[in-house]
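Written out below as structure tokens is the structure these notes cover.
Remember, it's 1-based here, ligands and their atoms both numbered in the order they're listed.
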Amino acid sequence: MVENFSEWFHNIIETADIIDPRYPIKGMGVWLPYGFQIRKNFFKIVTDLMDKEHDETSFPLLIPEEELAKEGLHVKGFEDEVYWVTKGGQKDLNEKLALRPTSETAIYPMFSLWIRSHIDLPIKIYQKGSTFRYETKHTRPMIRVREITSFVESHTAHSSPEEAEEQIQTGIEIYKQIFDSLAVPYLISKRPEWDKFPGADYTMAFDTVFPDGKTLQIGTVHNLGQTFAKTFDITFENKDGQHEYVYQTCYGISDRVIASAIAIHGDKKGLVLPPAIAPVQVVIVPILFKKGAEEVLDKCNEIKDALSKDNVRVKIDDRDIRPGKKFFSIENKGIPLRIELGPRDLKANKIVVVRRDNGEKSELTIDDNLVSSIKDLLNDIHDNLYKKAWDKFNKSLKLVEDEKDIKESIKEGNITEFYWCGDTECGKEIGKISDEDFLGSSEDLDEDTDKVCVHCGKKAKHIASVAKTY
Ligand code: P5A
Ligand code: ZN
């Protein structure tokens, strides 16, 4: 799987009914029913967390050119990636309209109208929907798409820099919870100056590692300072009656998170879904013979009802196909737990359970504890996926003390960490060593550290990393 991960990934998203990439526009695919259910469960996790902290809104998909162009740094970062709408029917539009690549320039002009006084603050909103980026790098379903269909973006405005700083931490905490519930490991780094979000003061990024050793940025949290506030004239009257610009943050995640869960947990038999996003968490397979079929089916239904009542997503698979084929498709779809029940089991008052994550088979007695035992198993499956994924991830972090070891370590597929002085020039040189991406600094060192920068030998300020990236 490691050798031909790309092939595995493309194969699985088609055979498991996740995405059909054959839609005739490059970088845009169709969410198929099973994939759509996975995505729906993902959204539920995300929006439950988002709703606690923000209000949900919906802004238009189109942005007037004038607004998009207002923030110079921002537009410069996106100018090569914007799709433009230039016509309405036969008529040329008076002003070009951009398909939003992200929504700062749609949202902030409205913030400027809404915010008058410190009592209007903080504002914390989020929205989910599509954004469009004319990506020039190689597109891949979910990983790098031109319509980002599962973009969830938060935008906040505050009356002080301290409060904005706190919001950055809140954003990071929310994202940790999202990734944790999908058992997707991550490294959090402060992106270097030359790679921060266009217009941001600084960017905190989450990166995970794919089975092919490449890292993928799966979420970012940006402190925007007052840059956009100045551009869009977002001011408030503070408690002393003076007018001040607001302090802003924004953060976003996308389809990439779903891709990561699929890529990281999957195996050669296909998908292995974390229970949190599995459309079906438990599948019950009745083993039917002519004799006693009805009793077996009745018991299966009874178990199914008990599980659904306790909010387990469960279904009975009574398709009339060869058992081998059936098990194969259940495994391919990544269903966390398979229950088998035949006449002999029924007689012994037992069910057989088979875990998708490790293939372990065991028996459970059909009694009042059955539902809770099954739920325990689902939790165990999550914990096992989490542990396995983090163990592997941690093994791919390698700290090297000598600059000449960086290249080899990246080749081995590691996120390669080293001591860094923090200077841009130095960082860019290190990044050039093997043409790979400089992820940024993941840890600040104490002032009295005796560690030195791998490149210039000056006192190191951070642990930073480079890796092969998507
Ligand atoms: C934060 C939300 C922003 O756009 N504006 C609002 C800020 N940040 S970002 O880093 O540019 O994008 C946020 C996350 O979206 C994912 N992403 C993509 N996913 C799939 N296909 C793409 N083409 C794509 N581009 C960005 C990344 O995970 C990124 O961190
Ligand atoms: Zn240096």
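Residue-to-ligand polar distances place S254 within reach of ligand 1: an N/O pair is separated by less than 3.5 Å. The N/O atoms of C250, backbone and side chain alike, include none that comes under 3.5 Å of an N/O atom in ligand 1. The distance criterion of under 3.5 Å between nitrogen or oxygen atoms is met by R256 with respect to ligand 1. In terms of N/O distances under 3.5 Å, ligand 1 is not approached by R144. In terms of polar-atom proximity, defined here as any N/O pair under 3.5 Å, Y251 makes no such contact with ligand 1.
The pair D405-K398 fails the salt-bridge criterion, with no side-chain N (NZ, NE, NH1 or NH2) lying under 4.0 Å from an Asp/Glu carboxylate O. Checked for salt-bridge contact, E135 and R144 meet the test: a charged N lies under 4.0 Å from a carboxylate O. Ionic pairing of K214 and D437 is not present here: no N-O contact between side-chain nitrogen and carboxylate oxygen is shorter than 4.0 angstrom. Remark: K269 does not engage D267 in a salt bridge, criterion side-chain N to carboxylate O under 4.0 Å. Looking at K52 and D48, no side-chain N of the basic residue comes within less than 4.0 Å of a carboxylate O on the acidic one, giving no salt bridge.
Using a non-hydrogen distance threshold of 4.0 Å, L216 does not register as a contact of ligand 1. The shortest heavy-atom distance from F206 to ligand 1 is not under 4.0 Å. Residue contacts with ligand 1: D255 is excluded, as none of its non-hydrogen atoms falls under 4.0 Å. Note on ligand 1: M142 sits in its first shell, one or more heavy atoms being nearer than 4.0 Å.
When non-hydrogen atoms are compared, ligand 1 lies under 4.0 Å from the backbone of Q217 as well as from its side chain. Only the backbone of I218 comes within 4.0 Å of ligand 1, judged by heavy-atom distances. Using a 4.0 Å cut-off between heavy atoms, F197 contacts ligand 1 through its side chain alone, with no backbone atom that close.
The nearest protein atom to atom 23 (N) of ligand 1, hydrogens excluded, is given as E135 OE2, 2.7 Å; this is a heavy-atom distance. For atom 22 (C) of ligand 1, the nearest non-hydrogen atom of the protein is I148 CD1, 3.6 Å. What sits closest to atom 21 (N) of ligand 1 on the protein, heavy atoms only, is V145 N, 3.1 Å. If you check which protein heavy atom lies closest to atom 14 (C) of ligand 1, you get G252 O, 3.7 Å. Among all protein heavy atoms, the one lying closest to atom 15 (O) of ligand 1 is F151 CE1, 3.6 Å.
Per-residue contacts place E104 under 4.0 angstrom from the following atoms of ligand 1 (heavy atoms of the residue considered): 5 (N), 6 (C), 7 (C).
Taking the ring centre of Y134 as origin, the terminal cationic atom of R146 falls inside the region bounded by 6.0 Å and 45° from the ring axis. Both tests do not hold together for K176 against Y186: distance to the six-membered ring centre under 6.0 Å, angle to the ring axis within 45°.
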Does D423 form a salt bridge (Lys or Arg N to Asp or Glu O under 4.0 Å) with K458? I'd like the steps, not just the answer. CA-CA 10 Å; D423 291 348; K458 279 192 288 192; 2.8 Å; yes
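When R133, E153, E81 are ranked by how near their heavy atoms come to atom 4 (O) of ligand 1, first place goes to R133.
For H222 and T203, the side-chain atoms include at least one donor-acceptor pair closer than 3.5 Å.
With respect to E331, the salt bridge (charged side-chain N to carboxylate O under 4.0 Å, His left out) criterion is satisfied by exactly one of R355, K268, R356, R338: R338. Of the residues listed (Q167, Q226, E165, H158), the one engaging Y247 in a side-chain hydrogen bond (donor to acceptor under 3.5 Å, both in side chains) is Q226, and it is the only one.
Among the backbone and side-chain atoms of H455, no N/O/S atom is found under 2.8 Å from the Zn ion (ligand 2).
Put simply, the side chain of N414 gets close to the backbone of S409: a donor and an acceptor are under 3.5 Å apart.
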